[in-house]
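Labels below follow one simple rule: chain letters A, B, ... track the order of the sequence lines, proteins then strands, and each chain is numbered from 1.
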Amino acid sequence: MNSKDEIYIILGPTASGKESAAFTIAPQIGGEIISVDSMKIYKTLDIGTAKATSQMQQEVPHHCLDMIEPTFSEFSVGEYVQAADSAITDIISRGKKPLLSGGTALYYKGILEGIFESPPKDLALREELEEYAKNNGNEALHERLVKLDPVSAQKYHPNDLRRVVRALEVITLTGEPVSANRNQWSGFHSDEGYFQGELRYKFRMVMLDWERPVLYKRIENRVDMMLEKGLLKEAEYVYNNREHFASTPLQAVGYKEFFPFFAGEEDLETAVDTLKMNSRHLAKSQCTWFRKFPCQRIALTEDMSKDSIVTSISEILTYQ
RNA sequence: GCUGAGAUAGCUCAGUUGGUAGAGCACUGCCUUGAAAAGGCAGGUGUCCCCAGUUCAAGUCUGGGUCUCAGCA
C-alpha cells in the first residue's frame, strides 16, 4: 500500500460531533465514511445510536451501518474487522479515501492492530464456566485459569468474569493459551510510545477533545434533541421486542433506560436523567481508551464554532 | 399555632455503651484481543445545621436557636 492509501480517522467520545465533522469533510477529500460503532451495525436502531440519516447516506456513502438485525446474537469484533477491511479495500480500489469515524475503541484496535486468530464464542461452554463460578466463586474459576494459562490469570482480576471465561474458553477449545497469541496490541500499549507494533494500515487520526464539563453539556443537549426526534417511540419499539433482541442491542445506551418507564415503575424524567448519566459514563470510558490512541488531539472549548473545528480537522488530515 | 420526626459526602441514608465518621450511587483515574454503548479494578470526597454547656474527649449527652417533613388545628 503506498502512502496515498492512508486511512483517515476522526475520533471522539459520544456527542463530540465527530460524525457530523466527518460528513462535512468527506466530500472535501473525496472520502467515504466507515462507521466504527458497535451499535450502529444494528438495523432499526437509528435515533438512539445517532446514525447518519438516509438523506445523509445518500449524499455521502456510508459503510458498516445496518449490517445485521437486532435479533442476531452472533456478531463479534472479528466480523466487524472483516467488514471494515473489505470496505477500506473497496473504497481505495475506486480511488476514494476511507474516512473512519465512531466511538468503539475495540473496533479501531482490531482494524489497526489486528485480532488474533481464535475460535468464535462457544455459548454452551461459556454458560458452563459461568455456572462453575456461580457455584464455586469467581476465585475458584480464576484458579482454573492459573493452572492452564498463568500469564492470562495474572492479567485478569478474578472478578473480571468476561475475560477469565474467554481465556478458559480459548484454551479449552484450542489447547493454546490466549496469552501466547494475544500479541497484536504492542503498538498502542508500549511504554516506548506509539507505533511500536506493526500496524495494518497507514493512518491519520485526529481526536475531538472537549473540556469535560462542555462535553457533558453537549450530551445533555443531544439527549434532549434525540427525544424531540422521536427517541421515545424507538425505545418503545425496542422495549416491545426485547424478548427477541440479542443482548448487545439491549445494552445500547438510549433504550434500556426507558424500560422502567414503560413498565410503569418510574417517571419519564428519571429515565431521561439515567440516560444522560449512562451517556456520560460511556463518554468517560471512551476518553480513557482514546487517551492512549496515537492521535493528534484538537483541544476544544465551548466558544469554538463548528466551522473552525472542521477546518482544524481537515488541515491535519490533508497536511502534506 | 400545637404535637411528633428529622438535619451527617453531590444524592439516599448508616453510625453500637461519648474516643473528631461509613455504605450504595454520583464523581475521578485505570484495565480492556471475537458480548465492548459490555465487563472489571482502584481512589478522594465531609464547618456531622448553628450557639452555648457537661466531659480529658461530643455526630453521639444537656439547654437554646434555625430550617425541613408529617399529623392536628
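- Between Lys121(A) and rG34(B) there is no side-chain polar atom (N or O) within less than 4.0 angstrom of OP1 or OP2.
- Residue Phe75(A) contributes atom CZ, which lies 17 Å from atom P of rA38(B) at whole-angstrom precision.
- In terms of phosphate contacts, His157(A) brings no side-chain nitrogen or oxygen within less than 4.0 Å of OP1 or OP2 of rA42(B).
- The partner of rG10(B) is rC25(B), judged by Watson-Crick or G-U wobble contacts that both fall below 3.5 Å.
- Taking the P atom of each, rG34(B) and rU16(B) are spaced 50 Å apart, rounded to whole Å.
- Taking atom CZ of Arg166(A) as the reference point, atom P of rC31(B) lies 22 Å away to the nearest angstrom.
- Centre separation under 5.5 Å together with a plane angle under 30° holds for the ring of Trp289(A) and the six-membered base ring of rU32(B), marking them as stacked.
- Nucleotides rA58(B) and rG53(B), compared at atom C1', are 11 Å apart to the nearest Å.
- Both distances falling under 3.5 Å, in either a Watson-Crick or a G-U wobble arrangement, place rC69(B) opposite rG4(B).
- Residues Arg166(A) and Glu169(A) are paired through a salt bridge, judged by an N-O separation under 4.0 Å between the basic side chain and the carboxylate.
- The two residues Arg94(A) and Asp90(A) come nearest to each other via the heavy atoms NH2-OD2, 2.9 Å.
- Here rU32(B) sits opposite no nucleotide as a Watson-Crick or G-U wobble pair (both hydrogen-bonding atom distances under 3.5 Å).
- The phosphate of rA35(B) has neither OP1 nor OP2 within less than 4.0 Å of any side-chain N or O from Tyr42(A).
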